[in-house]
S.K.: 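I am attaching a structure below and will ask some questions about it afterwards.
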Amino acid sequence: MLGRFLRGHDVTIRITEVEAYAGPLDPASHAYTRTPRSEIMYGPPSRLYVYRIHGHFCANVVTGPDGEASAVLLRAGEVVDGLDVALRRRGEHLAPTRLARGPGNLAKSLGITMDDLGVDLDAPRSRGVRFIAPDEIDPHPAGAGPINSVLISSGPRVGVRRNADVAWRYWITDDPTVSAYRRHPRAH
DNA sequence: CCTCCGATGTGCT
DNA sequence: GCACATCGGAGGC
């Protein structure tokens, strides 16, 4: 997923940081317990799971086969199109590298809300949220290319209390848009 | 119904 | 490093 392009409500980002959540196997996952909220993650992949926390929205891509609840949290991205719209949503004075740094800020840049819950990110669509190919972006962005041409780093997930030591956070090495690591104060 | 609390962000010390 | 805004989900009663 790193290096892919995600378009949301007239803003496009190149994904630079993600975290994996392993459903029932992972106490940090919302799908650790199967509830109405986590039900979407038990369904087919490539759907958008949106949740609200502390007044912010966060966006996940459901992964794995239908029936298995796993997901990838989108933590940071580089805005490559719709910069004016993203600045309007986030604040005109912000540095471009900070627009989509952190999952709440990423969702806000893309205009993602609970209205986008459940959309199929692989379905061709003119509006809303979906993955797009690099050649759909004009001008063609720098850094677009095979993901195996960049270095990927990994480490523990940010701010989780349970299962805090597994290295399921992945990011593009040295990318300036990647968020800072913070360990949960009461991490196990 | 009520309480607890978090996969956050921001600002201040 | 720490407080806190802010609010729905989850679970206890």
S.K.: Taking only residues two or more places apart in sequence or in another chain, which ones pass side chain to side chain contact (heavy atoms under 4.5 Å, CB included) with A71(A)?
M.R.: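 By the side chain to side chain contact (heavy atoms under 4.5 Å, CB included) rule, A71(A) matches M41(A), N60(A).
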S.K.: For Y51(A), which residues count as a ring pair (Phe, Tyr, Trp, His ring centres under 6.0 Å) partner, sequence neighbours excluded?
M.R.: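 With sequence neighbours excluded, Y51(A) shows a ring pair (Phe, Tyr, Trp, His ring centres under 6.0 Å) to H30(A), Y49(A), given in chain and number order.
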S.K.: With sequence neighbours excluded, what pairs up with D84(A) under the salt bridge (Lys or Arg N to Asp or Glu O under 4.0 Å) test?
M.R.: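 Here the qualifying residues are R88(A).
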S.K.: For nucleotides 9-13 of chain C, print each protein N/O atom paired with a nucleotide N/O atom at under 3.5 Å, atom names and distance only.
M.R.:
unit_1  : atom_1 : unit_2 : atom_2 : d
dG9(C)  : O3'    : R37(A) : NE     : 2.9
dA10(C) : OP1    : T35(A) : OG1    : 2.3
dA10(C) : OP1    : R37(A) : NE     : 3.1
dA10(C) : OP2    : T35(A) : OG1    : 3.3

S.K.: Quick check: on DNA chain B, is the nucleotide nearest A71(A) upstream (toward 5') of the one nearest L94(A), or the reverse? Name the residue that is more 5'.
M.R.: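 Looking at DNA chain B, the more 5' nearest nucleotide goes with A71(A).
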S.K.: If you measure from the P atom in dT6(C) to the same atom in dC2(B), how many Å do you get, rounded?
M.R.: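 Per the computed distance, 22 Å lies between those P atoms.
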S.K.: Base, sugar-phosphate, or nothing: which does R183(A) touch, judged by heavy atoms less than 4.0 Å apart?
M.R.: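 Answer is nothing: R183(A) stays at 4.0 Å or more from every strand.
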S.K.: If you take any heavy atom closer than 4.0 Å to DNA chain B, which residues from residues 46-56 of chain A end up in contact?
M.R.: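 Within residues 46-56 of chain A, the residues near DNA chain B are Y51(A), I53(A), H54(A), H56(A).
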S.K.: So, does Y170(A) use its side chain to make a donor-acceptor pair with the main chain of M1(A) at under 3.5 Å?
M.R.: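 Not at all, since once roles are kept as given, no pair shorter than 3.5 Å links the two residues.
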S.K.: Identify, with sequence neighbours excluded, every residue that meets salt bridge (Lys or Arg N to Asp or Glu O under 4.0 Å) alongside E19(A).
M.R.: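 E19(A) satisfies salt bridge (Lys or Arg N to Asp or Glu O under 4.0 Å) with R75(A) once adjacent residues are dropped.
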S.K.: Without placing hydrogens or testing angles, list every side-chain donor-acceptor pair under 3.5 Å for residues 92-103 of chain A, not counting sequence neighbours.
M.R.:
unit_1  : atom_1 : unit_2  : atom_2 : d
R101(A) : NH2    : P176(A) : O      : 2.5

S.K.: Please enumerate all residues that pass salt bridge (Lys or Arg N to Asp or Glu O under 4.0 Å) together with R34(A), with sequence neighbours excluded.
M.R.: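 With sequence neighbours excluded, R34(A) shows a salt bridge (Lys or Arg N to Asp or Glu O under 4.0 Å) to E39(A), given in chain and number order.
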S.K.: Across the strands shown, which category fits R90(A) at heavy-atom distances under 4.0 angstrom: base, sugar-phosphate, nothing?
M.R.: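 The residue R90(A) makes sugar-phosphate contact but no base contact.
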S.K.: With sequence neighbours left out, what residues match D175(A) under salt bridge (Lys or Arg N to Asp or Glu O under 4.0 Å)?
M.R.: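 Only R14(A) meet the salt bridge (Lys or Arg N to Asp or Glu O under 4.0 Å) criterion with D175(A).
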S.K.: Under the side chain to side chain contact (heavy atoms under 4.5 Å, CB included) criterion, do D122(A) and F131(A) qualify, and how do the steps go?
M.R.: CA-CA 6 Å; D122(A) 287 334; F131(A) 284 116; 3.7 Å; yes
S.K.: Strictly by side-chain hydrogen bond (donor to acceptor under 3.5 Å, both in side chains), give each pair with a member in residues 150-165 of chain A just once, sequence neighbours left out.
M.R.: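 Non-adjacent pairs meeting side-chain hydrogen bond (donor to acceptor under 3.5 Å, both in side chains): D26(A)-R157(A), D26(A)-N163(A), S153(A)-T173(A), R161(A)-H188(A), D165(A)-R183(A).
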S.K.: How would you give the extent of chain A contacts on DNA chain B, as first and last nucleotide 5' to 3' within a 4.0 Å heavy-atom cut-off?
M.R.: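 Footprint of chain A along DNA chain B, 5' to 3': dG6(B) to dT10(B).
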S.K.: Once you apply a heavy-atom cut-off of 4.0 Å, does N105(A) come out as touching a base, just sugar-phosphate, or nothing?
M.R.: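 Sugar-phosphate, backbone atoms only, no base.
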S.K.: For DNA chain B, whose closest nucleotide is more 5', that of V160(A) or that of R98(A)?
M.R.: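 Closest to the 5' end, via its nearest nucleotide, is V160(A).
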S.K.: Please check: side-chain N/O of R125(A) versus main-chain N/O of D120(A), any donor-acceptor pairing under 3.5 Å?
M.R.: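 The answer is yes, because a donor-acceptor pair under 3.5 Å joins these two groups.
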S.K.: Can you list the stems that DNA chain C is part of, where a stem is at least 3 pairs in a row, each Watson-Crick or G-U, with both distances below 3.5 Å?
M.R.: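 Stems (3+ consecutive pairs) listed as B:1-6 with C:7-12, B:8-12 with C:1-5.
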S.K.: Just how far is it from atom CE of M114(A) to atom CZ of F57(A), taken to the nearest 0.5 Å?
M.R.: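 It comes to 6.5 Å.
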S.K.: Can V178(A) be reached from I152(A) by stepping across I, L, V, M, F, W or Y side chains whose heavy atoms are under 4.5 Å apart?
M.R.: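 Different clusters: I152(A) never reaches V178(A) through Ile, Leu, Val, Met, Phe, Trp or Tyr contacts under 4.5 Å.
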